[in-house]
*Asks:* 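I have a structure here, written as structure tokens, and I will follow up with some questions on it.
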There are 2 protein chains.
Amino acid sequence: MINILLVEDDILLGEGLSKFIMEQGYQCCWAKDAQQAKSAWFTADLVILDRQLPEGDSLIWLPEQLMKKALPVIVLTAKIEVEQRIEGLQAGAKDYMVKPFSHQELLARIQVQLRPLGEAKLCYKALSIDLSTRRICFHGKEIHLKPKEFQLLILFVQNQGRVFHRDELLNKIWGFQAFPSTRTVDNHILHLRQKLPPLDIETLRGVGYRLKEVEG
Amino acid sequence: MINILLVEDDILLGEGLSKFIMEQGYQCCWAKDAQQAKSAWFTADLVILDRQLPEGDSLIWLPEQLMKKALPVIVLTAKIEVEQRIEGLQAGAKDYMVKPFSHQELLARIQVQLRPLGEAKLCYKALSIDLSTRRICFHGKEIHLKPKEFQLLILFVQNQGRVFHRDELLNKIWGFQAFPSTRTVDNHILHLRQKLPPLDIETLRGVGYRLKEVEG
DNA sequence: GCGCATTTGTCACCTCAATGTCATCAAGTC
DNA sequence: GACTTGATGACATTGAGGTGACAAATGCGC
């Protein structure tokens, strides 16, 4: 379950927000001062941080906390001036909202920050790839891929155009401790090419492989 | 070099923004309609997208583009209503700004989105060299280089104006243990010159080669 | 300018290592 | 034991790139 840390000293606002967040299906941890926020930091997946706390501006300790554990942070504030928004972003916040704000917009911004972790569907030409069900469809027809092939495919589609050296692929997919020969990589590439003809995997002789980007 | 794709049909705003972006040290590609935006999509590292284009709401085709290549997108709009901000974020945008906005704040938000990245791109005249995809483009057309040629090119472009003796090139590119004749170097220089006419490789008789520096 | 020696440009050829492809084998699962 | 996955090796094929021959260019002494 996704855990959102809400840092807010105002009782009324805090109660409303934490209730709202929980209604959306997230776990919510409500910290009322910097001390509590720091101790809850490590269990959180995302932070909603009020800038004005009793102890002062929370931007002061934000960078330090982010050093310890990087997290997406959405800063809330009553300060509307542009300079102060910029300060917030430069302190490491991922987003910035000015009070008063709509709960729905906050939700949308939370979802943006969480997106890379959660949801999952990829496309490449006539291929559609569902990461959660591990289902590959090609022109609506399902294609069965073996685990290693699937991992390879995901890596390529998520990094279209990037060149991967064989060693790099071995590291990313097989892991540091496994050392199959690089011919193994060739074979898996071959299998991908045979099973999924639309995959334009280019060979860069002496270098590695690369999935050609789809043009607009 | 980081490449920002600006999609904006308003000439005045587009000129101002693209100038500003370039002043900040980014490369800026300015697309004036959806068609141009889609074809420039794959070379971009970040997109600034105006929502109202002549063809209609750009949110319609945004998710499809993001499927092809995921990119951080900052949406610009005149629409101030919360519901429309939420639409934008749900369509896949990473951030949302309402016109009129401060250039400085846009810059800050660009920096936020680029923070995780650190990509490497080189330029020389009409040539653009992407190290991660090993792709060389000359006036938008891709050029295929063999590994040794590619290494040579990188070395020259990263050391513009510096003279390299043949022996030095042999050492840097072929390594200490390999000792091909120096004629081999000549041949590779020849290939580079043939494939990439804008490369101004000067011959210093009796000394070696040097890539002429680009002004500015 | 002329002739010569030297260096460099250009091309065609050849070799060998990198890769594509297939069949087989080992290991794990039910 | 049948089945699936995936690692390996054999063999064919390709292309990178090294080599040398020859042409062209450059520099130098006269």
Side-chain angles (χ1 to χ4, degrees), chain A residues 133-136 142-156 162-212, chain B residues 129 134-136 142-156 162-212:
Chain A
T133 64
R134 295 176 73 90
R135 192 160 283 170
I136 320 270
E142 188 170 345
I143 306 249
H144 171 75
L145 284 194
K146 300 170 183 176
K148 285 273 184 295
E149 293 162 2
F150 188 81
Q151 284 180 270
L152 249 186
L153 175 66
I154 301 305
L155 185 65
F156 274 119
R162 179 143 302 132
V163 176
F164 291 98
H165 295 239
R166 285 182 174 66
D167 294 338
E168 204 180 341
L169 291 174
L170 280 175
N171 268 334
K172 296 219 180 204
I173 300 207
W174 278 262
F176 304 100
Q177 63 281 31
F179 293 104
S181 92
T182 58
R183 304 316 320 282
T184 301
V185 178
D186 297 347
N187 276 298
H188 283 267
I189 296 283
L190 172 66
H191 297 149
L192 270 188
R193 290 207 256 232
Q194 288 175 337
K195 289 186 180 177
L196 306 172
L199 271 198
D200 219 332
I201 301 179
E202 298 173 300
T203 302
L204 304 192
R205 204 160 242 268
V207 183
Y209 296 100
R210 152 177 89 183
L211 180 64
K212 205 168 173 186
Chain B
I129 307 165
R134 291 181 78 94
R135 193 154 279 174
I136 320 269
E142 186 173 348
I143 308 256
H144 173 76
L145 286 193
K146 299 171 183 178
K148 285 273 183 297
E149 294 163 1
F150 189 81
Q151 284 181 269
L152 250 185
L153 175 66
I154 301 303
L155 185 65
F156 274 120
R162 177 162 161 214
V163 177
F164 290 97
H165 295 239
R166 286 183 174 67
D167 293 338
E168 203 180 343
L169 291 174
L170 280 175
N171 266 334
K172 296 220 178 205
I173 301 207
W174 279 261
F176 305 100
Q177 64 281 32
F179 293 104
S181 91
T182 57
R183 305 316 321 283
T184 299
V185 178
D186 297 347
N187 272 302
H188 284 268
I189 296 285
L190 170 66
H191 296 149
L192 270 188
R193 290 207 258 233
Q194 287 176 336
K195 290 185 179 177
L196 306 172
L199 272 197
D200 220 331
I201 302 179
E202 297 173 302
T203 302
L204 304 190
R205 209 184 167 77
V207 184
Y209 297 99
R210 157 173 82 184
L211 180 63
K212 208 167 170 184

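The sequence lines fix the lettering, A, B, ..., with proteins before strands; numbering per chain opens at 1.
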*Asks:* Would you say D/dA7 has OP1 or OP2 under 4.0 Å from some side-chain N or O of A/His188?
*Replies:*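 It does, given that an N or O in the side chain of A/His188 lies less than 4.0 Å from OP1 or OP2 of D/dA7.
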*Asks:* For A/Phe164, which residues count as a ring pair (Phe, Tyr, Trp, His ring centres under 6.0 Å) partner, sequence neighbours excluded?
*Replies:*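 So A/Phe164 forms a ring pair (Phe, Tyr, Trp, His ring centres under 6.0 Å) with A/Phe156.
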*Asks:* Can you tell me the distance, in whole Å, between the CD1 atom of A/Ile189 and the C1' atom of C/dG20?
*Replies:*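 Atom-to-atom, A/Ile189 to C/dG20, this comes out as 12 Å.
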*Asks:* Might you work through the side chain to side chain contact (heavy atoms under 4.5 Å, CB included) test for A/Arg210 and A/Ile201, ending with a clear yes or no?
*Replies:* CA-CA 6 Å; A/Arg210 152 177 89 183; A/Ile201 301 179; over 6 Å; no
*Asks:* List the steps, then state whether side chain to side chain contact (heavy atoms under 4.5 Å, CB included) holds for A/Leu190 with A/Gln194.
*Replies:* CA-CA 6 Å; A/Leu190 172 66; A/Gln194 288 175 337; 3.6 Å; yes
*Asks:* Bend angle of the helix from C/dG1-D/dC30 to C/dC30-D/dG1 from five-pair axes at both ends, rounded to 10°?
*Replies:*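 Helix axis angle between the two ends: 40°.
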*Asks:* Tell me, which of residues 142-151 of chain A have any heavy atom that sits under 4.0 Å from an atom in DNA chain C?
*Replies:*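 By residue number: none to list.
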*Asks:* Return the set of residues passing ring pair (Phe, Tyr, Trp, His ring centres under 6.0 Å) with B/His191 (not counting sequence neighbours), or none when no residue passes.
*Replies:*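 Applying ring pair (Phe, Tyr, Trp, His ring centres under 6.0 Å) to B/His191 gives B/His188.
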*Asks:* Nearest to the side chain of B/Thr184, which nucleotide is it out of C/dT21, D/dG18, C/dG9?
*Replies:*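 Nearest listed nucleotide: D/dG18.
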*Asks:* When you compare the side chain of B/His165 with that of B/Val207, does any pair of heavy atoms fall below 4.5 Å?
*Replies:*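 In short, these two side chains touch, coming nearer than 4.5 Å.
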*Asks:* Tell me which nucleotide among C/dC11, C/dT19, C/dT8 gets nearest to the side chain of A/Asp186.
*Replies:*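 That would be C/dT19.
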*Asks:* Ignoring backbone atoms, establish whether A/Trp174 has a side-chain N or O less than 4.0 Å from OP1 or OP2 of D/dA7.
*Replies:*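 Looking at the OP1 and OP2 atoms of D/dA7, one of them is under 4.0 Å from a side-chain N or O of A/Trp174.
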*Asks:* Please check the phosphate of C/dA18 (OP1 and OP2 only) for any side-chain N or O of A/Thr203 closer than 4.0 Å.
*Replies:*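 So the side chain of A/Thr203 is outside the cut-off, no N or O lying under 4.0 Å from OP1 or OP2 of C/dA18.
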*Asks:* Inspect the contact between B/Arg134 and A/Glu202 and indicate whether a charged nitrogen and a carboxylate oxygen are less than 4.0 angstrom apart.
*Replies:*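 Here A/Glu202 does not pair with B/Arg134 in a salt bridge, since their nearest N and O are not under 4.0 Å apart.
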*Asks:* Starting at CG of A/Leu204 and ending at P of C/dT19, how long is that distance when rounded to a whole Å?
*Replies:*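 Computing the A/Leu204:CG to C/dT19:P distance gives 9 Å.
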*Asks:* Would you indicate, yes or no, if C/dA18 has its OP1 or OP2 atom less than 4.0 angstrom from a side-chain nitrogen or oxygen of A/Tyr209?
*Replies:*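 For C/dA18, neither OP1 nor OP2 has a side-chain N or O of A/Tyr209 closer than 4.0 Å.
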*Asks:* Mind checking if A/His191 touches a base, just sugar-phosphate, or nothing, with heavy atoms under 4.0 Å?
*Replies:*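 A/His191: no heavy atom of the nucleic acid under 4.0 Å.
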*Asks:* Return the residues of residues 192-201 of chain A meeting this criterion: a heavy atom under 4.0 Å from some atom of DNA chain C. Order them by number, or give none.
*Replies:*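 DNA chain C contact set from residues 192-201 of chain A: A/Arg193, A/Gln194.
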*Asks:* Below 4.5 Å, heavy atoms only, C-beta onward: do B/Leu145 and B/Leu196 meet side chain to side chain?
*Replies:*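 A side-chain contact exists here, since the closest heavy-atom pair is under 4.5 Å.
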*Asks:* Treating primed atoms plus P, OP1 and OP2 as sugar-phosphate and everything else as base, which nucleotides of nucleotides 20-30 of chain D get B, S or - for protein heavy atoms under 4.0 Å?
*Replies:* BB---BBS---
*Asks:* Given side chain to side chain contact (heavy atoms under 4.5 Å, CB included), test B/Leu153 with B/Leu199 step by step and report yes or no.
*Replies:* CA-CA 9 Å; B/Leu153 175 66; B/Leu199 272 197; 3.5 Å; yes
*Asks:* Checking side-chain hydrogen bond (donor to acceptor under 3.5 Å, both in side chains) between B/Tyr209 and each of B/Glu168, B/Arg166, B/Arg162, B/Arg193, which is the one that passes?
*Replies:*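 Result for side-chain hydrogen bond (donor to acceptor under 3.5 Å, both in side chains) with B/Tyr209: B/Arg166.
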